[in-house]
Amino acid sequence: MVERFLKQTSFISVEDYNKNLEFIIPEHFNFAYDVMDVWAEENPDALALLWTNDEGKERRTTFRQLKEESDQAASYLQSIGIGKGDPVMLILKRRYDWWVTMLALHKLAAVVIPATHMLTKHDIIYRNTRASVKAIICVDDDYVVSQVKESLSESPTVKNVEIVNDSWEEKWKQAPKFVRPAEKNNNEDTMLMYFTSGTSGEPKMVAHDFLYALGHLTTGVYWHNLHEGSLHLTVADTGWGKAVWGKFYGQWFAGATVFVFDHEKFNADTLLRQIEKYKVTSFCAPPTIYRFMIREDLSNYDLSSLEYCTTAGEALNPAVFDKFLEKTGIRMMEGFGQTETTMTLGTFPWMKPKPGSMGIPNAQYNIELIKADGTPCEDGEKGEIVIKVDEKNKPVGLFKGYYRDEEKTREAWHDGYYHTGDMAWRDEDGYYWFEGRIDDVIKSSGYRIGPFEVESALMTHPAVVECAITGVPDDIRGMVVKATVVLGKEWKSRAGDELVKELQQHVKRETAPYKYPRIVEFVDELPKTISGKIRRVEIRNKDSKK
């Protein structure tokens, strides 16, 4: 499959990859037809999707079956008036139907808007209004259904609400034979829209064209290192962008099997048992998941099937990397990207990972680091990660812009660059190291302190499960460093002044002393987005009201 879309498919070094990665871009590219239906023809009996849930139910679906089911679903959606360019919101958790429906909507060239099941009535109205949503397809869940129905009186563009249950599947199974629409999509048409996870401010609508799917070829084939026969599990809710990073496009370019564990509440032991039971070979999760996994006694699990592990979604603390390596013998390969992009920086199979580094630029993007004055950074200097953009030749995988928000688009995309808003520095080997969001950088007594470097130091202390570093206004220093800390259960009884001093001294030993947290607060959990990212802005806002 890969040879259909790349001029060279095998790479042996960073230099080889950087020099020779070049896409073959078909006219009217559509992932559902040009990848999935081709697999259904060429390798029909290969396992495409292995779905199971926390009730013990299981479905194994081949590429042929997935084509047949997505054709049926597309036919049904046509019958209720869904067609090219129509925005359709999916609120389906990790239900099996999400995969079928995604492909069906792609076949109709509709605009898919995945959304989390945690949305309130207000959230749904906001999204319906901003995107002129025409139909909502949602899981048969009392809370979700109630919030969707309550939103309808203020959502005039919504014409259909489909509730996914056994009877819904029967509807599309009884639909007439699907006929591909005569009007094909263009590559620049909008295929997918995600609302940003909202670490600050109201969510923006990130619009992706049909080539976004093609951009994820490198995610699955070269970052996840997948191949036919791989069984890949990415821990992600289908309501946020990491789902298509790890549970859809790139994995099926590789011809791998996507493994889905549909569960209501995360539990490290349960997840590890799924990996053991189904012999998962490839695993990807945010560092938060790994932090909880390494606190289990991994000698109690048979993880011998695991071949490759990756992580993204937030910066990886070296302490987590080291502990996982010690317990499993597997080196985690980190990657970095945003809702607006595919993987932009990554640690590839032909590279030696540096714990805590995001890796090197993905060759499909021209990435630079720039200082606040717009000048390029030297090695070792901190700056903003930017992507150089030729308006006439947008990189494959980069978003089109923020839908219906020209002002926000101009703020992020100007002077020939897309500005990520993320800070990093580059070492002498070309590896990038995450510093934090521009808004997260703390300026204290003339020093600029990135939250991640302090968090990494704290994470090496055995008491700390998770932490977030923020700045608190101070009359003398301008700002001081604050640590909001989640303790391991065996340490919670020791929460107090003595442990605060111990953690402060620990940071002073691990990194430059001026970075130590002068304020330490112990909490049961950190505020996060559905995508698992820490909402430091929420901590800052809470502190500002004290």
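No experiment lies behind these values; they were computed from the predicted model shown. Side-chain atoms are counted along with the backbone in the values below, which use heavy atoms only and exclude waters and symmetry mates.
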Where Trp252 and Val35 come nearest, the two heavy atoms and their spacing: O-CG1, 3.9 Å
Beyond-backbone contact of Tyr212 with Thr342, side-chain heavy atoms, under 4.5 angstrom: yes
Is the Phe5-Phe23 ring centre distance short of 6.0 angstrom? no
For Phe348 and Met333, which heavy atoms make the closest approach, and how far apart are they? O-CE, 3.3 Å
Taking the basic N atoms (NZ, or NE/NH1/NH2) and the acidic carboxylate oxygens, is any pair closer than 4.0 Å for Arg437 and Asp422? yes
Indicate yes or no: at least one non-hydrogen side-chain atom of Val111 is less than 4.5 angstrom from one of Met191. no
According to side-chain hydrogen bond (donor to acceptor under 3.5 Å, both in side chains), who are the partners of Asn185, at least two apart in sequence or on a separate chain? Asn30
Report the C-alpha distance between Phe336 and Tyr432 in whole Å, list the side-chain angles of each, state the deciding distance to 0.1 Å, and finish with yes or no for ring pair (Phe, Tyr, Trp, His ring centres under 6.0 Å). CA-CA 10 Å; Phe336 166 84; Tyr432 283 62; 9.1 Å; no
The criterion is side-chain hydrogen bond (donor to acceptor under 3.5 Å, both in side chains); which residues satisfy it with Thr234, sequence neighbours excluded? His232
Any non-hydrogen side-chain atom of Leu271 less than 4.5 Å from a side-chain atom of Phe266? yes
Can you name the ring pair (Phe, Tyr, Trp, His ring centres under 6.0 Å) partners of Phe399, sequence neighbours left out? Tyr402, Trp413, Tyr418
Mind listing the closest non-hydrogen atom pair of Tyr365 and Met343 along with its distance? CE1-O, 3.4 Å
CD/Glu183: more than 12 non-hydrogen atoms of other groups inside 6.0 Å: no
Who are the side-chain hydrogen bond (donor to acceptor under 3.5 Å, both in side chains) partners of Glu384, not counting sequence neighbours? His419
Quick one: list whatever passes salt bridge (Lys or Arg N to Asp or Glu O under 4.0 Å) with Lys247, sequence neighbours left out. none
Aromatic ring proximity, centroids under 6.0 angstrom, Phe29 and Phe210: no
For the ring pair Tyr17 and Trp350, is the centre-to-centre distance below 6.0 Å? yes
Does Arg64 pair with Asp45 as a salt bridge, N-O distance under 4.0 Å? yes
So, Lys67 and Asp71, do they make that salt bridge, N to O below 4.0 Å? yes
Pairs satisfying side chain to side chain donor-acceptor pair (under 3.5 Å), at least one member in residues 326-337, at least two apart: none
My understanding is that only residues two or more places apart in sequence, or in another chain, count here; which of them pass salt bridge (Lys or Arg N to Asp or Glu O under 4.0 Å) with Glu455? Arg536
Between Arg410 and Glu407, is the closest basic N to carboxylate O distance under 4.0 Å? no
Cationic N near anionic O, under 4.0 Å, Lys400 to Asp209: no
Indicate yes or no: does Lys107 engage Asp37 in a salt bridge with an N to O separation below 4.0 Å. yes
Between Arg60 and the options Leu47, Thr257, Thr52, the side chain to side chain contact (heavy atoms under 4.5 Å, CB included) test singles out Leu47
Out of Asn53, Asp262, Thr61, Thr101, which residue meets the side chain to side chain donor-acceptor pair (under 3.5 Å) rule with Tyr96? Thr61
Do the non-hydrogen side-chain atoms of Leu21 and Gln8 ever get within less than 4.5 Å of each other? no
With a 4.0 Å cut-off on N to O distance, would you call Lys382 and Glu453 a salt bridge? yes
I'd like to know if the side chain of Gln338 and the backbone of Thr420 have a donor-acceptor N/O pair within less than 3.5 Å. yes
Could you pull out all residues at least two apart from Tyr33 that satisfy ring pair (Phe, Tyr, Trp, His ring centres under 6.0 Å)? none
Should Tyr222 and Phe253 be marked as a ring pair (Phe, Tyr, Trp, His ring centres under 6.0 Å) after you check the CA-CA gap, both sets of side-chain angles, and the distance that decides it? CA-CA 11 Å; Tyr222 299 115; Phe253 272 112; over 10 Å; no
To the nearest 0.5 Å, what is the distance between CZ on Arg4 and CD1 on Ile24? 10.5 Å
Sorted by first residue and then second, give each salt bridge (Lys or Arg N to Asp or Glu O under 4.0 Å) pair with at least one member in residues 342-357; sequence neighbours left out. Lys354-Asp427, Lys354-Asp429
For Val280 versus Leu233, what's the shortest heavy-atom pair and its separation? CG1-CB, 4.0 Å
Would you please name every residue forming a side-chain hydrogen bond (donor to acceptor under 3.5 Å, both in side chains) with Thr219, sequence neighbours left out? His216
Short N-O contact, Lys528 and Glu466, less than 4.0 angstrom: yes
What residues form a ring pair (Phe, Tyr, Trp, His ring centres under 6.0 Å) with Tyr431, not counting sequence neighbours? none
Decide yes or no for Trp223 and Trp245: does some side-chain heavy atom of the first lie under 4.5 Å from some side-chain heavy atom of the second? yes
For Phe63 and Trp39, I'd like to know if the aromatic rings sit close, meaning centre-to-centre distance below 6.0 Å. yes
Are side-chain N/O atoms of Arg404 and Ser132 paired as donor and acceptor at under 3.5 Å? yes
All ring pair (Phe, Tyr, Trp, His ring centres under 6.0 Å) counterparts of Tyr249, not counting sequence neighbours: Phe31, His106
Quick one: which of Asn18, Thr218, Thr344 gives a side chain to side chain donor-acceptor pair (under 3.5 Å) with Asn362? Thr218
